[in-house]
Amino acid sequence: MKLNLLWMLVPLAALPLAAQPSFDRDIRPILQKQCQGCHHPAGAASDLDVTSYAAFAKGGKRGPGFVARKPDESLTISYITGDVKPRMPMGQAALAPEDIDRFRAWIDSGAVDDSPVVISDNSPSVYLQPPVITALRWSPDGQRIAVSGNREVLVHLADGSKLVQRLAGKAERILSIAYSADGNTLIAGGGTPAQFGEVQIWDARAGKLLRSATLTNDTVFGASIAPDGGRVAVGCTDNTVHVFDTASGKELYKIGNHENWVLASVFGVDSKRFVSVSKDRAAKLIDAGSGAFLENVNILRSELNAIARHPKKDVVVIGGEDRYPYVYNMDRPKNMKIADDTTLIRKLDRQDGPIFALDWSPDAARIAVAGIAPSVNVYDAETGKLSAQCKGHAAGIYAAAFSPDGKKLATGGFDGKIRIYDSANCQLLTSFIPAPLSAGTPAGGAQ
Ligand code: HEC
């Protein structure tokens, strides 16, 4: 009793922080865990997006998400307490009573936004050590190399002599980069783990972010752009592939034929179809216009992590956990039996570890295979014979890309260094750390 009285006399501002309802501490984690899956920008059920305070406040089709100081007039309270059907989270167990109380208390106290200030898009990341390289691409004119950094894409002159652009977005991690064939557009896919995925569409020449879409509640994988630049496909941890219109940034549709995370994708030569590969072991051919599933490209063997296409034909190379790169025709004749594997053109050597990156040289001559093993294997695409082994990296190579003329191969991974080899014999031409390391650490730039 005495204690309670004392409590009431304490001025509000002096209350221990934990006692004051907080959006950031109390509400956001619930939204992220139990609501965001259906209420995010790229797929907002009933137009409600709960991935930010502002969007949650704005609300959905029926009005604002909440009314400050009026829990009983707040849409969210009526939906989570079961006053309306369907109760939220839809199709799942009701929120724990403590969580419902958290919503009530926070709205009752004024529904204040105490989200931490997000590091502004133009405050550049600081690098104390080279971050793991997870994606890299050459610009189609061969002048530049775009590499994943922390919260940004780092664009270097292709000889590593200069960092020319820092393309900073929201996503903490960039896991895939692709250029349109004309070199005008660069797309980057990634996200902040366990929070959101992001697809960024950049004007590659101006270094200007044209659009960004956040989707799902985890990072996205294997973003690819159609050769004609019209569409972007991206794989997600909710087993879907989302397809966007590049010009407007609008999501056109998502496909749900996979049964596990979708990790990579590539469009066909005519931009009308794409293939996505997944941990569910399947490479699926999809009509890029309608999103209709056409057929499985492969016989299911093991989890797939990577895919690349022949530069002029609808032939793909896929690879993953079983360590073999498989070269397949994208098409299967309609009347083929399920177990028929005659569209498999070739199986390359077993690698020394799971495969994480594949590339087919633009002159069609070579296929590069990279992964957990510390060397990148280069194969003659016609004969399937190993032609060279590029060494020097520490184990864990997550990105490999041929230059547009096919003469060079750039690789990067765990050790944070880009290495550029002569693709014919794997002679090392140059290497550099793409992240601009801050003073006090070994110099960045060309080495
Ligand atoms: C499995 C998907 C799913 C999950 C998870 C989910 N919702 Fe919903 N939510 C929906 C759908 C679908 C609707 C539209 C229902 C309708 O129109 O009757 C909806 C509608 C709403 C609305 C009404 C929006 C409006 O203006 O029309 C609110 C508020 C809401 N949800 C809050 C939540 C909250 C809070 C959570 C988490 C505790 C949550 N939802 C979790 C699918 C979901």
Side-chain angles (χ1 to χ4, degrees), residues 20-116 191-199 213-220 234-244 250-262 280 291:
Q20 292 181 26
S22 152
F23 177 71
D24 196 52
R25 189 197 57 228
D26 304 331
I27 307 300
R28 190 198 299 281
I30 306 173
L31 293 174
Q32 271 172 3
K33 200 155 157 251
Q34 305 209 249
C35 318
Q36 207 165 287
C38 303
H39 297 288
H40 57 82
S46 210
D47 292 345
L48 176 66
D49 165 12
V50 300
T51 58
S52 69
Y53 175 92
F56 183 36
K58 182 165 150 271
K61 282 192 187 132
R62 295 179 184 77
F66 50 86
V67 182
R69 301 195 191 283
K70 296 186 177 158
D72 293 330
E73 291 172 29
S74 292
L75 211 52
T76 294
I77 299 297
S78 47
Y79 271 87
I80 59 178
T81 52
D83 294 353
V84 286
K85 288 233 149 59
R87 183 183 46 70
M88 295 292 140
M90 200 168 109
Q92 297 165 28
L95 291 185
E98 314 86 85
D99 286 346
I100 295 177
D101 288 347
R102 286 191 173 99
F103 272 99
R104 254 184 204 291
W106 171 70
I107 293 173
D108 208 28
S109 71
V112 174
D113 178 16
D114 63 345
S115 321
T192 297
Q195 291 190 26
F196 63 89
E198 186 185 16
V199 177
T214 49
L215 62 158
T216 76
N217 50 14
D218 209 337
T219 44
V220 296
V234 61
C236 302
T237 58
D238 64 0
N239 311 346
T240 62
V241 179
H242 291 240
V243 175
F244 295 86
K250 283 237 162 61
E251 181 174 328
L252 299 171
Y253 55 82
K254 64 179 177 188
I255 62 151
N257 304 89
H258 281 290
E259 287 161 18
N260 206 328
W261 294 17
V262 182
D280 72 1

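Residue numbers start at 1 and run along the sequence shown. Whatever order the structure lists ligands and atoms in, that order sets their numbers, starting from 1. Because the structure is a prediction, the values reported are computed rather than measured.
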Under 4.0 Å from a heavy atom of Lys61: which atoms of ligand 1 are those, numbered in the order shown and with their elements? 25 (C), 26 (O), 27 (O)

Does the side chain of Asp49 come under 3.5 Å of the side chain of Thr51 through a donor N or O and an acceptor N or O? yes

Atom 29 (C) of ligand 1: of Ile27, Leu48, Asp47, the nearest heavy atom sits on Leu48

Answer with yes or no whether Gly91 contacts ligand 1, where contact means a heavy atom under 4.0 Å from a ligand atom. no

Taking both backbone and side-chain atoms into account, decide whether Met88 has an N/O/S atom under 2.8 Å from atom 8 (Fe) of ligand 1. yes

Would Pro86 count as a contact of ligand 1 if the rule is a heavy atom under 4.0 Å away? yes

Is Gln34 in polar range of ligand 1, meaning some N or O pair under 3.5 Å apart? no

Give me the residue, atom name and distance of the protein heavy atom closest to atom 36 (C) of ligand 1. Cys35 SG, 2.8 Å

Ser22 versus Asp24, side-chain donor and acceptor atoms under 3.5 Å: no

Close-contact set for ligand 1 against Gly60 heavy atoms, below 4.0 Å: 25 (C), 26 (O)

All heavy atoms of Thr216 vs all of Gln36, minimum pair found to be O-NE2, 4.4 Å

Provide the closest heavy-atom pair for Trp261 versus Asn239 in the form atom of the first, atom of the second, distance. N-OD1, 3.4 Å

With Gln195, which residues qualify under side-chain contact (heavy atoms from CB on, under 4.5 Å), at least two apart? Gln32, Thr192

If you look at every heavy atom in Leu215 and Val234, which pair is closest and at what distance? CD1-CG1, 4.2 Å

When you compare ligand 1 with Thr76, is there at least one nitrogen or oxygen pair between them that comes in under 3.5 angstrom? no

Within-shell test, Gln36 vs ligand 1, heavy atom, strictly < 4.0 Å: no

Among all protein heavy atoms in this structure, tell me which lies nearest to atom 26 (O) of ligand 1, with the distance rounded to 0.1 Å. Arg62 N, 2.7 Å

Please list, chain by chain and in numerical order, all residues satisfying side-chain hydrogen bond (donor to acceptor under 3.5 Å, both in side chains) with Arg69, sequence neighbours excluded. none

Restricting to non-hydrogen atoms, name the atom on Leu75 and the atom on Gly63 that form the minimum distance, rounded to 0.1 Å. CD2-O, 3.8 Å

Nearest protein heavy-atom contact for atom 12 (C) of ligand 1: which residue, which atom, what distance? Met90 SD, 3.5 Å

Any atoms of ligand 1 less than 4.0 Å from a non-hydrogen atom of Gln92? List them with their elements. 5 (C)

Closest approach of Lys254 and His242, non-hydrogen atoms and distance? CD-CE1, 3.5 Å

Give the minimum heavy-atom separation between Phe23 and Val112, together with the two atoms involved. CB-O, 3.6 Å

Could you find the nearest protein heavy atom to atom 21 (C) of ligand 1 and give me its residue, atom name and distance? His39 CE1, 3.6 Å

Any side-chain to backbone donor/acceptor pair from Thr219 onto Pro193? Under 3.5 Å, distance only. no

Closest approach of any protein heavy atom to atom 1 (C) of ligand 1, naming residue and atom: Cys38 SG, 2.7 Å

for atom 11 (C) of ligand 1, nearest protein heavy atom and its distance come out as Ala45 CB, 3.5 Å

Please say whether Ser46 places an N or O atom under 3.5 Å from an N or O atom belonging to ligand 1. yes

